[in-house]
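These figures come from a predicted structure and were not determined experimentally. Within every chain, numbering begins at 1; the chains are lettered A, B, ... in the order of the sequence lines, protein sequences first and strands thereafter.
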Number of protein chains: 2
Amino acid sequence: MIIVGERLNSSRKEIYNAIENRDAAFIRNEAVAQANAGADYLDVNTGLFASKEAEQMAWLIDIVQDATPLPICIDSPNPEVIRHVLPMVEKTPMLNSITLEKKRFETLIPLVIDRSCKVIGLCQNDAKAAHTSLEKTTMASELIAEMKKAGVPEDHIYLDPLVFPLATDTNSAKATFHAVREIHETFPHLHLICGLTNVSYGLPKRKLINRSFLTVAIVMGLDAAIVDPLDKKLMAALKAGVLLNGRDPYARGYIEAYRNGLFEHF
Amino acid sequence: MIIVGERLNSSRKEIYNAIENRDAAFIRNEAVAQANAGADYLDVNTGLFASKEAEQMAWLIDIVQDATPLPICIDSPNPEVIRHVLPMVEKTPMLNSITLEKKRFETLIPLVIDRSCKVIGLCQNDAKAAHTSLEKTTMASELIAEMKKAGVPEDHIYLDPLVFPLATDTNSAKATFHAVREIHETFPHLHLICGLTNVSYGLPKRKLINRSFLTVAIVMGLDAAIVDPLDKKLMAALKAGVLLNGRDPYARGYIEAYRNGLFEHF
């Protein structure tokens, strides 16, 4: 599993404050803690700063790159922000995210090619986000084809089929699972990634749902996730998913996680 | 989901003692507690009493039937034991279990037909138990065909594809998931059931694995399970599986379970 650590996001109050106050020590700690907990990429998001998004992200990336050797996942819906910070990124980054929205696609794709970026592709076009399994697989095929045509190798693409709240869309998780399985079988070199929090929106005990969703999605073919690597119960659900998916020979990874105290809350 | 309560099993020391000492009050409490926790059937097993298995089971069934209105699941590998207790069973019971083993099949099938029993069918023949996905689906097809030929309706069959310990068989859960999905798609009226404890044998934090396995199996098509209905975390995993599988409109069942305190440990 490829783990994108999600903690450095300005929607978290303490991160917002640390960026606002230029508290480099706090950011550094957050970065190192995620690295130690097994993150492969560190997502950085300064969206809440609106007009100062690019400037704040540049500062944040500078601190994070100094704190850990991990590559960055630049998280912004704004191609201008990505263009602004991309030159300062040292290791091949991941971009979060591209879609089939025409303007967003055309602005981002030269940046993806220029730096051979990994890129998260959402199943969304100018008309809508993909809700049904068929919409997800159709948009995924189209997005993958467009990216390949532009020169992005299949294994640089992290396809996110999206998931919507079960509280209002009873079939949303099932549709995502089905899409993950279909896309995984059709594009064996592609990566599949998903955000986890949407699925439980509006329901109680959201973390139980998020964890269960992650375990099932991994068995369906998900091989990357945007998560909080310090959430031990979530990481345990991830390890359980990998074990059940037959990707943990003789349960060695599971046993190692147990020895490292990951399952202490179970 | 159809829940078969597993607690009345002589392999549990307190149950063994209660049967041995004719402690009807203890058995009665166990039966009522499982009924209140949502069991649809109560499994009764007196296998550890060996030569006294039939006699002890008759006593046990008598108490259980008096304590709750739930139907019984007669759990014995010995057709003679089943034949002995079947006449005293009031409601249409479930038999646990039939297999493709020639002698076991031929002895049991007249009893199944005679009482229109529900019956758990294991993917096992005289040569072996089914380990790979192909063995499971092949034996399942054969067992279902044989039972249908004998007059058992498809929706009376609870097919158990079996699962083996992940500690020694890395692909065992994946093989079971695949078989569940294939069999579910091929036989839409059939029920799919599975025991949960085998999968985690020999590994630490077994309940985490058992719960995760149950959630995934439900999304794959499992609609029945032999479980301890008093295990709140396991029942929470079950509710999460039903929710993720799109079988819980607007999450009403999930929210009700939350209100009833089922998720208090999360």
Side-chain angles (χ1 to χ4, degrees), chain A residues 133 163 165-178 181 199-220 233 236-259 261-266, chain B residues 133 163 165-178 181 199-220 233 236-259 261-266:
Chain A
S133 174
V163 65
L166 283 162
T168 51
D169 181 354
T170 299
N171 264 307
S172 69
K174 185 96 174 177
T176 301
F177 296 146
H178 193 262
R181 185 158 59 78
V199 68
S200 60
Y201 184 79
L203 291 175
K205 298 287 178 182
R206 294 184 62 177
K207 288 188 165 187
L208 166 62
I209 301 173
N210 298 348
R211 287 200 300 268
S212 304
F213 177 82
L214 177 61
T215 301
V216 178
I218 290 170
V219 174
M220 296 296 180
K233 287 186 170 183
L238 183 149
K239 297 284 180 190
V242 172
L243 176 69
L244 292 172
N245 196 30
R247 295 299 174 94
D248 185 7
Y250 304 104
R252 285 190 201 110
Y254 180 86
I255 292 166
E256 188 192 347
Y258 167 72
R259 288 189 180 139
L262 193 66
F263 307 147
E264 63 188 3
H265 300 299
F266 287 97
Chain B
S133 174
V163 65
L166 282 162
T168 51
D169 180 355
T170 299
N171 264 308
S172 70
K174 184 98 174 175
T176 301
F177 296 146
H178 193 262
R181 185 158 61 78
V199 67
S200 59
Y201 183 79
L203 291 176
K205 298 287 178 181
R206 294 185 61 177
K207 287 187 166 189
L208 166 62
I209 300 173
N210 298 347
R211 288 200 299 270
S212 304
F213 177 82
L214 177 61
T215 302
V216 178
I218 290 170
V219 174
M220 295 297 181
K233 287 187 171 183
L238 184 150
K239 296 284 179 190
V242 172
L243 176 69
L244 291 173
N245 196 30
R247 296 298 173 95
D248 185 6
Y250 304 105
R252 284 190 202 109
Y254 179 86
I255 292 166
E256 189 193 345
Y258 167 71
R259 288 190 181 137
L262 192 66
F263 307 148
E264 63 188 5
H265 300 299
F266 288 97

Checking heavy atoms, do the side chain of Phe213(B), its backbone, both or neither come under 4.5 Å from chain A? both
Taking side chain as everything from C-beta outward and backbone as N, CA, C, O, which of these in [X] sits under 4.5 Å from a heavy atom of chain B? Side chain, backbone, both or neither.
X	answer
Asp248(A)	backbone
Lys239(A)	neither
Thr168(A)	backbone
Arg259(A)	neither
Phe177(A)	side chain
Arg252(A)	neither

Taking Tyr250(A)'s backbone N and O only, do any of them form a donor-acceptor pair with Thr170(B)'s side chain (distance below 3.5 Å, no angle check)? yes
Are the side chain of Tyr254(A) and the backbone N or O of Pro204(B) linked by a donor-acceptor pair below 3.5 Å? yes
With sequence neighbours excluded, tell me which residues meet side-chain hydrogen bond (donor to acceptor under 3.5 Å, both in side chains) with Lys205(B). none
Run the side-chain hydrogen bond (donor to acceptor under 3.5 Å, both in side chains) test against Ser172(A) and tell me which residues pass, sequence neighbours left out. none
Could you tell me which of [options] has the largest number of non-hydrogen atom pairs under 4.5 Å with chain B?
options	result
Leu208(A), Asp169(A), Asn171(A), Leu166(A)	Leu208(A)
Ala167(A), Ala237(A), Ala175(A)	Ala167(A)
Val199(A), Val219(A), Thr215(A)	Val219(A)
His265(A), Lys207(A), Arg247(A), Lys174(A)	Lys174(A)

Would you say CZ of Phe263(A) has more than 12 non-hydrogen atoms from neighbouring residues, nucleotides or ligands within 6.0 angstrom? yes
Closest contact, heavy atoms only, Leu203(A) versus Ala251(B): CD2-CB, 3.6 Å
I need the Arg211(B) CZ to Arg211(A) CZ distance, nearest 0.5 Å. 8.5 Å
